[in-house]
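Written below as structure tokens is the structure these notes are about.
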Number of protein chains: 2
Amino acid sequence: MAAKGFSAEGAGFLRRTHYVPTIMKACCSAKGRPREFCADTALAAALRVFWSKGYEGASLTDLTEAMGITRPSLYAAFGNKEALFKMALDLYEREKLDYIGEALKEPTARKVAEHLLRSALEMQMSNSDPKGCMGVINAVACGAEAESIRAEVIHRGRVAKQGLIDRFERAKAEGDLPPDTDAVGLTSYLTAIMQGLAVQGGAGASCQDLKALIDTSLAMWPEA
Amino acid sequence: MAAKGFSAEGAGFLRRTHYVPTIMKACCSAKGRPREFCADTALAAALRVFWSKGYEGASLTDLTEAMGITRPSLYAAFGNKEALFKMALDLYEREKLDYIGEALKEPTARKVAEHLLRSALEMQMSNSDPKGCMGVINAVACGAEAESIRAEVIHRGRVAKQGLIDRFERAKAEGDLPPDTDAVGLTSYLTAIMQGLAVQGGAGASCQDLKALIDTSLAMWPEA
DNA sequence: GCGTTTCTATACTGGGCGGTATAGAAGATA
DNA sequence: TATCTTCTATACCGCCCAGTATAGAAACGC
């Protein structure tokens, strides 16, 4: 409602504040005192906070403490909380979901599924990253304030899902999947397993439980 | 932290306030002015709010407006927000998750799974209830304030899951499932699908997408 | 009718939220 | 060194949150 930040069309806030968030500037502007913190490092810290607490659960105090910067620095560098979240989401997709793109390159539908599930499992079992999944956490997010965030996350999810649908359609065309296969249904199914994995991981399931989940899922897949 | 409500041990708040939440009294106490609203109806309204917004996303204003009562009435009748949530959760399990108990009575493991998935799908496609799943929404909940809520929801989920594990163990003993079946893994797998269904339902997936998800899941199950 | 009890309505408290104004410190150019 | 730019630090704003004190109205037993 009062979300008149710059993230919507991007231009509004430029008229309201006297400088541009420096993260958006050309990477090295020579003038003036340089920033004392590393924007990338700070963004990575912000990602961890959003990842473990969700958009609404992450307060600015949580964020600034984790990032090691003050509130005005955050606003100067990233715009506002919403914009910071979206940048963190970009980072997340780039660094943590790159296995999806890799999986699509596998030669058969089953190998795609196997790559996806095993990678998702691996990520969920990592103990250097927060549990759960940014997407699931925030697609299920609660409050009204986060509606735009929810929409963004859901949109990105749909895009990723479409890539998988296309891949399975191709598999059908290549005779790799039976011609009467429902590619959309298969994608929803595979996605559901990964979402369930994230939910259970976020709820504190043990690594062996998660592994059993994925092993069972792969045992279900035909032509094992 | 300041959660010194009555839900923990139940006795604390009795010393702090001069009357007992009337919902906990014997159902008809003759004395005094009777309550003007129906506690059950109000609780059902509260459930819908918690269901669609989550624990933290539901403000007292949301709740009292939906329930048609004032703030002090809510506190008098239900104790506090946390206690209200747990009562709503009881109602949810009793009225909306009764199909789980029914499913366990099916004669074969596959029929159990089929009953579960079809019922979950039906619930998700209902347009008289909120989308998503109380459990998933709140097990993934964000804030620190909701930690006790999260724990409660997760605990209830574990109990339900155990029932399913036992059922599959029985199926193994009856020769209905192969003896080398991983009952825990199978349960986690089935649970994951239902969680994924709820996530996708909550994220606005169409009914036909959800149906395709379940149909594909059932097609995967052996001995179709 | 009375007196008691328990309801409701209003208005308030302290605290945390997202976001910002202001002022001073520090690096860069010259 | 002088000046300018852009950083940082502190303290603040209005808003909404969960929860409550107070006071008045309504229904019961007698």
Side-chain angles (χ1 to χ4, degrees), chain A residues 1-7 12-13 16-23 25 28-39 42 46 53 55-65 67-85 142-146 148-149, chain B residues 1-7 12-13 16-23 25 28-39 42 46 53 55-65 67-85 142-146 148-149:
Chain A
M1 192 158 283
K4 138 164 229 222
F6 81 95
S7 55
F13 88 110
R16 287 173 53 232
T17 176
H18 40 76
Y19 46 60
V20 179
T22 53
I23 200 177
K25 288 196 269 183
C28 37
S29 66
K31 286 198 170 181
R33 177 181 171 184
R35 184 188 289 124
E36 286 185 359
F37 61 92
C38 167
K53 303 197 167 198
Y55 178 74
E56 300 203 77
S59 72
L60 279 187
T61 302
D62 293 330
L63 290 165
T64 50
E65 279 179 2
M67 299 165 84
I69 64 177
T70 62
R71 223 167 263 236
S73 297
L74 188 154
Y75 276 81
F78 301 99
N80 61 15
K81 187 183 178 186
E82 185 176 346
L84 175 63
F85 178 85
C142 345
E145 158 203 352
S148 130
I149 295 299
Chain B
M1 191 160 285
K4 143 168 222 222
F6 79 93
S7 54
F13 88 110
R16 287 174 52 230
T17 177
H18 39 76
Y19 47 60
V20 179
T22 53
I23 202 176
K25 289 194 270 185
C28 38
S29 67
K31 284 197 171 180
R33 175 179 170 184
R35 184 188 288 125
E36 286 185 1
F37 61 92
C38 168
K53 304 198 165 195
Y55 178 74
E56 299 202 79
S59 72
L60 280 189
T61 303
D62 294 331
L63 289 165
T64 51
E65 279 180 2
M67 299 166 83
I69 64 179
T70 63
R71 223 167 263 236
S73 297
L74 188 154
Y75 276 81
F78 301 99
N80 61 16
K81 188 183 177 185
E82 185 176 345
L84 176 63
F85 179 84
C142 344
E145 156 203 353
S148 129
I149 295 298

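Note on naming: letters A, B, ... go to the chains in the order of the sequence lines (proteins, then strands), and numbering restarts at 1 for each one. As the structure is a computational prediction, the values presented were derived from the model and not from experiment.
- One can place CD1 of Ile69(A) at 11 Å from C1' of dT8(D), the figure rounded to the nearest angstrom.
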Within the sub-3.5 Å range, which N or O atoms of nucleotides 16-18 of chain C have a protein N or O partner, and how far apart are they?
| from | atom 1 | to | atom 2 | distance (Å) |
| --- | --- | --- | --- | --- |
| dC17(C) | OP1 | Ser59(A) | OG | 3.4 |
| dG18(C) | OP1 | Ala58(A) | O | 3.4 |
| dG18(C) | OP1 | Lys81(A) | NZ | 2.8 |
| dG18(C) | OP2 | Leu60(A) | N | 2.6 |
| dG18(C) | N7 | Arg71(A) | NH1 | 3.2 |

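- Rounded to an integer number of Å, the gap from Phe85(B) CZ to dA18(D) P is 14 Å.
- Within the 4.5 Å cutoff, the side chain of Tyr75(B) has no heavy atoms near those of the Thr70(B) side chain.
- Note that the OH atom of Tyr55(B) and the CG atom of Leu84(B) stand 9.0 Å from one another [nearest 0.5 Å].
- In this structure, Leu74(B) places its CG atom 15 Å from C1' of dA9(C), rounding to the nearest Å.
- Of all heavy-atom pairs spanning Ile149(B) and Glu82(B), the tightest one is CD1-CG, 3.8 Å.
- In this structure, CZ of Phe78(A) is placed 12 Å from P of dC7(D), rounded to the nearest angstrom.
- Side chain of Ser73(A) to main chain of Ile69(A): no donor-acceptor pair is present (N/O by atom type, distance under 3.5 Å, no hydrogens or angles).
- Atom CE of Met67(A) sits about 10.5 Å away from atom SG of Cys38(A), to the nearest 0.5 Å.
- Of the listed nucleotides (dG19(C), dA21(D), dT8(D)), dG19(C) has the atom at the smallest distance from the side chain of Asn80(A).
- Considering only side-chain N and O atoms, Ser73(A) lies under 4.0 angstrom from the phosphate OP1 or OP2 of dT8(D).
- Base pairing in DNA chain D gives the following stems of 3 or more Watson-Crick or G-U pairs, range against range and under 3.5 Å: C:1-30 with D:1-30.
- Judged as a salt bridge (Lys or Arg N to Asp or Glu O under 4.0 Å), and not counting sequence neighbours, Glu65(A) has no contacts.
- Remark: the backbone N or O of Leu63(B) is not paired with any side-chain donor or acceptor of Lys81(B) at under 3.5 angstrom.
- Nearest heavy atoms, Ala39(A) versus Phe78(A): O-CZ, 3.8 Å.
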